[in-house]
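Values below: every heavy atom of this structure, side chains too, minus hydrogens, waters and symmetry copies. By convention here, the first residue in the shown sequence is residue 1.
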Amino acid sequence: AIDVTEGTTLQWYDKTNGEYVRLYNDPVVSTDYAYNAVYAVSQVRDGLESAKVEISIVVNARPALEVTYPKIAYVDSNIEIQAQSSVASSYVWSNGYEETTPTTESAISVSFSHAGTHNFTVIASANGCDAKKEISLITKVLPSISFEKESYSVFTGETISVAPLFDNMI
């Protein structure tokens, strides 16, 4: 509410649809959804009403933001993390250690030098509003397989036993 001089009252109007519609209470601006509104207020003293002063209210929708990425990645492989927003004009990416400057790039390509859980944050901005998503990506070391020797040479009639060697099992 606005403080007014004693003996003075405020008269509020809704002009959202172009016509002044008298309000019997102070306007309440909801931020539950996006919309535009126009209100006007006048001062009434001794039965006389001042000129109306208008104010425009714009409640912007936060950008919808979805992020796609592989839930598991492998050490030394490149993966892409993609943000999707139909209205975002810029993105800021963070890996918990460093943050990018705002960019129009909706995707980042990353690789990992060690196994573990890696956290990322993306912030999409549109119309002065932000949407934020945090993701966790698990990286693992690919298993490797090899043979004791690269080749074997045997004669007909002989028996050979060849078994692979395993390392870095997941």
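The minimum heavy-atom distance linking Pro70 with Glu80 is given by the pair CD-O, 3.8 Å. Across all non-hydrogen atoms, the minimal contact from Val38 to Ser56 is CG2-OG, 4.0 Å. Considering all non-hydrogen atoms of both residues, Asn25 and Trp12 come closest at O-CB, 4.2 Å. For Leu65 against Ala124, the heavy-atom pair with the smallest separation is CD1-CB, 3.9 Å. The shortest heavy-atom contact between Val141 and Tyr74 is C-CD2, 4.4 Å. Closest heavy-atom contact between Ser85 and Ala64: OG-O, 3.0 Å.
Taking 4.5 Å as the limit, every side-chain heavy atom of Asn78 sits out of range of all side-chain heavy atoms of Phe112. No side-chain heavy atom of Asn95 sits under 4.5 Å from any side-chain heavy atom of Asn119. Contact annotation: the side chain of Leu137 never approaches that of Thr117 to less than 4.5 Å [non-hydrogen atoms, C-beta and beyond]. The closest side-chain heavy-atom distance from Tyr33 to Val59 is not below 4.5 Å. In this structure, Thr16 and Tyr35 have side chains that are not in contact, with every pair of non-hydrogen atoms separated by 4.5 Å or more.
Salt-bridge annotation for Lys52 and Glu54: absent, with no side-chain N of the basic residue lying under 4.0 Å from a carboxylate O of the acidic one.
At a cut-off of 3.5 Å, with distance as the only test, no side-chain donor of His114 or Thr139 sits close to an acceptor on the other residue. Ser42 and Glu49 share a side-chain donor-acceptor pair at under 3.5 Å. Between the side chains of Ser106 and Gln84, no donor-acceptor pair of N or O atoms lies under 3.5 Å.
The cationic atom of Lys15 (NZ for Lys, CZ for Arg) lies less than 6.0 Å from the six-membered ring centre of Tyr20 and within 45° of the ring axis.
Side-chain atoms of Arg22 never come within 3.5 Å of backbone atoms of Tyr13 as a donor-acceptor pair (strictly under, hydrogens ignored). No side-chain donor-acceptor contact under 3.5 Å links Thr8 to the backbone of Arg45.
At a threshold of 4.5 Å between side-chain heavy atoms, the hydrophobic network of Ile, Leu, Val, Met, Phe, Trp and Tyr places Tyr39 and Val21 in two separate groups. Criterion: ILVMFWY side-chain heavy atoms under 4.5 Å apart, direct or through other members. Under it, Tyr91 and Ile79 are part of a common hydrophobic cluster. Linking Ile, Leu, Val, Met, Phe, Trp and Tyr residues whenever their side-chain heavy atoms come within less than 4.5 Å places Val41 and Ile55 in a single cluster. Hydrophobic clustering (side-chain heavy atoms under 4.5 Å, transitive across Ile, Leu, Val, Met, Phe, Trp, Tyr) groups Trp93 together with Ile135.
More than 12 heavy atoms of other shown residues, nucleotides or ligands fall within 6.0 angstrom of atom CD in Glu158. In Glu66, the CD atom is not crowded: 12 or fewer heavy atoms of neighbouring residues, nucleotides or ligands sit closer than 6.0 Å. Residue-environment remark: CG (Asn36) exceeds the threshold of 12 foreign heavy atoms within 6.0 Å.
Atom CD of Gln43 sits about 8.0 Å away from atom OG1 of Thr9, to the nearest 0.5 Å. Note that CD1 of Ile81 and NZ of Lys133 are 14.0 Å apart. Values are rounded to the nearest 0.5 Å.
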